[in-house]
Amino acid sequence: MLDKTFDPAAIQAAIYESWEKSGAFACHPDSAAQPYCIMMPPPNVTGSLHMGHALTFTLQDILTRYHRMKGRDTLWQPGTDHAGIATQMVVERDLEAEQSSRLKLGREKFIERVWQWKAQSGGTITRQLRSLGASPDWSRERFTMDEGLSAAVRRVFVQLHREGLIYRDKRLVNWDPKLHTAISDLEVESRETKGSLWYLKYPIEGRADEFITVATTRPETMLGDTGVAVHPEDERYKHLIGHYAVLPLVGRRIPIVGDEYADPTAGSGAVKITPAHDFNDFEVGRRHNLPMVNIFDRDAKLNDEAPQAYRGMDRFAARKQIVADLEVQGLVAKIDPHTLMVPYGDRSGVVIEPWLSDQWYCDAATLAKEPLAAVERGDTVFVPKSWENTYFSWLRNIQPWCISRQLWWGHQIPAWYGPDGAVFVAETEAEALAAAAKHYGREADLKRDPDVLDTWFSSALWPFSTLGWPERTRELQRYYPTDVLVTGFDIIFFWVARMMMMGCKFMGQVPFKTVYIHALVRDERGQKMSKSKGNIIDPLDLIARYGTDALRFTLTALAAQGRDIKLAESRLEGYRNFATKLWNATRYAEMNGCQRVAGFDPANAKLTVNRWIASAANAAGARVVAALEEYKFNEAADALYQFTWGTFCDWYIEFSKPILTGSDEAAKAETRAMTIWVIERIVHLLHPIMPYITETLWKHIAGESAVMLITAPWPQTSAAADEAAVAEMEWVVNLISAIRTTRSEMNVPAASELAATITEIRPEARGWVETHGEQIRRLARLKSIATGASADAKTALQIVVEGTTVLIDVAGAVDFAKERGRLQKEVATVRAELDKIAKKLGNEQFMTKAKPEAIEEQRERQSDYEATLAKLTAALARIGA
RNA sequence: GGGCGCUUAGCUCAGCGGGAGAGCACUUCCUUGACAUGGAAGGGGUCAGAGGUUCAAUCCCUCUAGCGCCCACCA
């Protein structure tokens, strides 16, 4: 016998283990089945499960489980990302605690140490994925620094370099002065900051007491100024173009140039130009051949290019000092408060400094061409489609991708330098040496480039590197291109677009046919959850309190397209209760001896109730399938919830009670078989969303030896509804509802009057009421259903009586006047509705232009309301109003 | 500055050219033999505001207000 409630914590681990051990997660590259493949976006190896993971992996698991049950050969490819900066930071923090450091250890030892860390702590996220019930093929788990994936990285790098799509360049990069590395535009987070706008006066050379005033938010960079720009048509400054200003504190002569970049309406209209420390100024400097003076070192402290007094100062300390010094000289015209966007490193949290350095770049603009065309052609479809705009706009304006990082943890760039600085890019050192020998005509000492690649470089290869590329493995041929990529929009740029580039380039095909973009899970204020904001809801905590299934169902039900998810805990409670409800329905079946009947075919059912529920179960199944095929996860969840609770438990189980306690053995047998058949059906349909409870119940009803639900075939859903049964049950349901609605009519304790009432509402039931008058009388007292019904009509009426008997007691307690008021109000409402409909039906244009169905619908509503009105009027008359 | 999205019951959210929905919360009643993590009944909404299109608008269009997100080099 099942317990009264479902205890997820007690069974989850064991069930998961039995799935994993059975090999149910594995793909079968040799099978004849049609493949279905999803690439798991590899979580950071440093990561732990957060709400965003919970959502994305739940949705992926639903698709995986659904297609697996549908008979596809599914591969959900799991793995983790080495997460360059993040991982290096974690290990460095550990070292710091031991009074050690990366530099003390040296590169080789440090990397060893990171691998050690990975071996010990790197499995956190994958363990947590298991508690979420995820069913990827763990036997194929990959890590972006695996030998195979690293080989793929080298191959790609070398080939792109050979084609000129990877090159070295000296440009401004986003420099992180804390982590001492370049970071990409995407890793920079702009934060609105209150600051000041300083108006500085630069003396004009050769014109005493004449100044040009520039406005800046970063006065300290003036030490690196090599020019001043004004708009060529700006009347205020036109005459100064071609003259020189003298840079205060430094004394450098700097030209005043005309450039359209200078906006006459902004600031003072004149802009100081610091080509080495500002992306715009870099461009302006380039146009006018201005020298680039780099005044910062790697810590963003002032270097020897700055005047003696400021050397070694931090940039923000220097700012204060410089402003103070300028004020002394009377060169600060004014200071306005100013709100500006300041770039911060999303990892380090410090202000990013545009800094001039040598880096490796990838020609993203060229690589983006084919991915753009592929989506335009529809080779890859975004769901929802509107995200294609985001994708397009980013790829169309894409900048060179800085792929080198000054870190130790990552894929070291396969480039070696000769004594004269010549670069040799090769997959191995041996090849590089050979190339160098050929180049120099003798053997040469080579030094490897110390930098590593941006983490996203290796993740960009994920859809094919995990399948064995560059080898032409059978997995690669079978599963690429993959079916769908499921991810949040926050990594369309980081990842999706780059996978598209690399996939198109190296596989000649897009990596996925569909990209499903889901919402982000936000906190109750609609903010993105993040560690730094401290607004994280821990999915593991929710799993512990409500069970994995409840969490999964909640996320699924909220995963509507195009809207972010604000998680409310009350939802979890509700869906936990849903699990309990299903659990107890099964318990009911068990208590009533419902067992699976071999060869039972619901299509052969005789009783109307049974034919009806079978039909309804089919309809629900069809809705689930339709929803999942369109990635409308919430609709699938909704259909299951409504059917299980609202149809099966609320109505069918109640209908089954009088039958199962009755004496018609044939009817009982059929109803028992049907009850368990429906539960079986629910358990199948629900399994992708709620795997644990369904597997548990399945074991219970099918026996330990049965094939596990995870690999069970998805039920066939027949399209045709049993319209006769549906119509008849609708009749019953409506009748019961009518009785409930006009329950004051039942305000008569005597059973004989009850019989009269039933007869009044449904004259056709008169015969039955006459024969069963005695029973009704008894029922009224006992509040339970008597035995003896076998035919459908009788069953139906028994149900009516059951509903009625309860109502009699209720109605008996109802205050008469209150009831009358309520009835009168209802009458008014119904009359208003009737007026509206009559008006509509009397509208000539409606009658000519509306669809025939719409008109028919209105007519039906009209007669429904008229019937209701008649009943209400009769009820009012009865109670003497 | 550009782009996208949102505004529906007290809360969290579905829905959508012809009857305003769910869950939770609330009110009343019910320890009935699956389930009190339950059952029954009920209250609560000019579907943000203003215009327009239409026989008909919560839904389509325009504008306004508020909120959110993404992108962007504005000194």
Side-chain angles (χ1 to χ4, degrees), chain A residues 2 4-6 185 190 197-198 214-218 229 261-263 265-274 278-283 338 340-341 354 386-387 389-390 393-394 397 489-490 492-493 520 522 524-528 546 550 554 557-558 560 562-571 573-592 634-635 638 641-642 646 649-650 653-654 657 661 740-741 743 782-784 802-803 806-807 809-810 813-814 822 833 836-837 840 843-851 853-855 857-858 860-861 864-865:
Chain A
L2 290 169
K4 260 191 165 183
T5 52
F6 171 52
D185 297 348
S190 292
L197 188 58
W198 284 270
V214 297
T216 180
T217 55
R218 300 199 55 196
Y261 164 66
D263 178 354
T265 65
S268 63
V271 198
K272 60 193 268 316
I273 301 297
T274 324
D278 183 284
F279 289 97
N280 291 311
D281 293 8
F282 182 81
E283 296 302 325
H338 186 71
L340 71 163
M341 301 299 276
S386 55
W387 287 111
N389 293 328
T390 307
S393 70
W394 191 68
N397 301 308
F489 62 82
D490 51 335
I492 290 182
F493 308 135
L520 248 45
R522 298 179 185 280
E524 68 281 355
R525 285 173 308 183
Q527 287 190 314
K528 198 169 165 176
Y546 298 102
T554 305
L558 291 174
R563 189 170 181 161
D564 289 338
I565 297 173
K566 281 191 256 168
L567 199 66
E569 216 171 296
S570 63
R571 283 276 186 143
E573 221 172 294
Y575 295 130
R576 188 263 328 263
N577 296 352
F578 173 62
T580 309
K581 189 76 178 174
L582 174 63
W583 183 265
N584 277 291
T586 312
R587 189 162 176 264
Y588 165 82
E590 190 183 29
M591 291 170 77
N592 284 283
N634 58 319
E635 289 185 12
D638 199 51
Y641 187 95
Q642 296 303 337
C649 291
D650 284 352
I653 286 187
E654 294 307 324
K657 283 175 181 172
T661 54
R740 283 175 179 170
T741 313
R743 63 163 195 250
L782 297 177
K783 291 201 287 188
S784 70
E802 184 196 24
V806 175
L807 291 168
D809 281 355
V810 176
V814 171
R822 202 183 63 77
E833 282 302 320
K836 261 162 78 179
I837 296 167
K840 213 167 237 178
N843 184 324
E844 205 174 304
Q845 279 164 313
F846 173 70
M847 296 307 283
T848 51
K849 293 195 181 177
K851 288 185 212 142
E853 305 95 85
I855 296 173
E857 235 174 77
Q858 294 299 326
E860 277 171 25
R861 287 185 56 214
D864 284 353
Y865 275 121

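Owing to the predicted nature of the structure, the values given are computational and were not obtained by experimental measurement. So that the names make sense, note that chain A is the first sequence line, chain B the second, and so on, each numbered from 1.
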Could I get a table of every N or O pair under 3.5 Å where one atom is in the protein and the other is in nucleotides 21-27 of chain B?
none

Requested in this report: Give a yes/no on whether any side-chain N or O of A:Gln845 is located under 4.0 angstrom from OP1 or OP2 of B:A56.
Outcome: no

Query raised in the report: Would you say B:U37 has OP1 or OP2 under 4.0 Å from some side-chain N or O of A:Arg576?
Result: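 It does not, given that no N or O in the side chain of A:Arg576 lies less than 4.0 Å from OP1 or OP2 of B:U37.
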
Report task. Could you check whether A:Phe279 gets within reach of a base, just the sugar-phosphate, or nothing at all, counting any heavy atom under 4.0 Å? Result -> nothing

Query raised in the report: Does the pair A:Glu654/A:Lys657 count as a salt bridge with the N-to-O cut at 4.0 Å?
Result: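 A:Lys657 and A:Glu654: salt-bridged.
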
**Report entry** Sugar-phosphate only, base, or nothing, as touched by A:Ala262 at under 4.0 Å among non-hydrogen atoms
**Finding:**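 Touches a base.
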
Query - Counterpart residues, salt bridge (charged side-chain N to carboxylate O under 4.0 Å, His left out), relative to A:Lys4 (two or more places apart) - result: none

Query - 4.5 Å side-chain heavy-atom contact, A:Val271 and A:Tyr261 - result: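 Contact flag for A:Val271/A:Tyr261 side chains = yes.
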
Requested in this report: Kindly point out which of B:G15, B:A34, B:G18 is positioned nearest to the side chain of A:Asn634?
Outcome: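 Minimum distance to the A:Asn634 side chain belongs to B:G15.
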
Query - Rounded distance (nearest 0.5 Å) linking atom CD of A:Glu860 with atom CD1 of A:Ile837 - result: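 Interatomic distance, A:Glu860 CD to A:Ile837 CD1, rounded to 0.5 Å: 11.0 Å.
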
Query - Nearest listed nucleotide, side chain of A:Thr5, among B:U37, B:A75, B:G18 - result: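 Comparing B:U37, B:A75, B:G18 against the side chain of A:Thr5, the answer is B:U37.
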
Query raised in the report: Once you round it to whole Å, what is the distance between P of B:G19 and CD of A:Glu853?
Result: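 Rounded to the whole Å, the gap is 14 Å.
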
Query - Sidechain-backbone polar pair: A:Asn584 side chain, A:Thr580 backbone, donor-acceptor under 3.5 Å - result: yes

Query - 4.5 Å side-chain heavy-atom contact, A:Asp638 and A:Asn634 - result: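 No, side chains not in contact.
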
Query raised in the report: Which nucleotide, B:U37, B:G19, B:C55, lies nearest any side-chain atom of A:Arg861?
Result: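 Looking only at heavy atoms from C-beta outward on A:Arg861, the closest nucleotide is B:G19.
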
Report task. Name the closest nucleotide to the A:Lys836 side chain, picking from B:G18, B:C35, B:A20. Result -> B:A20

Query raised in the report: Could you state the interatomic distance from NZ (A:Lys272) to CZ (A:Arg218), rounded to the nearest 0.5 Å?
Result: 8.0 Å

Query - Which residue lies more 5' along RNA chain B, comparing A:Asp650 with A:Tyr588 via nearest heavy atoms - result: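 Comparing both residues, the 5'-ward one is A:Tyr588.
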
Query raised in the report: Is A:Thr217 touching bases, backbone alone, or none of the nucleic acid, heavy atoms closer than 4.0 Å?
Result: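 Since only primed, P, OP1 and OP2 atoms lie under 4.0 Å of A:Thr217, the category is sugar-phosphate.
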
Requested in this report: Compute the ring centroids of A:Tyr546 and A:Tyr575, then answer whether they are less than 6.0 Å apart.
Outcome: no

Report task. Check whether any side-chain N or O of A:Arg587 sits under 3.5 Å from a backbone N or O of A:Leu2 as a donor-acceptor pair, and report yes or no. Result ->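 Confirmed, A:Arg587 side chain pairs with A:Leu2 backbone.
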
Query raised in the report: Closer to the 5' end of RNA chain B via nearest nucleotide, is it A:Lys851 or A:Asp263?
Result: A:Lys851

Query raised in the report: Can you give the dot-bracket line for RNA chain B, where a pair is Watson-Crick or G-U wobble with both atom distances under 3.5 Å, crossing pairs use [ ], and | marks a partner on another strand?
Result: (((((((..((((....[..)))).(((((.......))))).....(((((..]....))))))))))))....

Query raised in the report: Of all the choices, B:C74, B:G38, B:G18, which nucleotide is nearest to the side chain of A:Tyr261 once you look at every atom?
Result: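 Selected nucleotide (nearest to the side chain): B:C74.
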
Requested in this report: Determine the contact category for A:Ile653: base if any of its heavy atoms lies under 4.0 Å from a base atom, sugar-phosphate if only primed atoms, P, OP1 or OP2 are that close, otherwise nothing.
Outcome: base

Requested in this report: Would you indicate which nucleotide in B:G39, B:G19, B:G18 comes nearest to any side-chain atom of A:Lys581?
Outcome: B:G39

Requested in this report: May I ask you to say what A:Glu590 touches in the nucleic acid, namely base, sugar-phosphate or nothing, with a heavy-atom cut-off under 4.0 Å?
Outcome: nothing

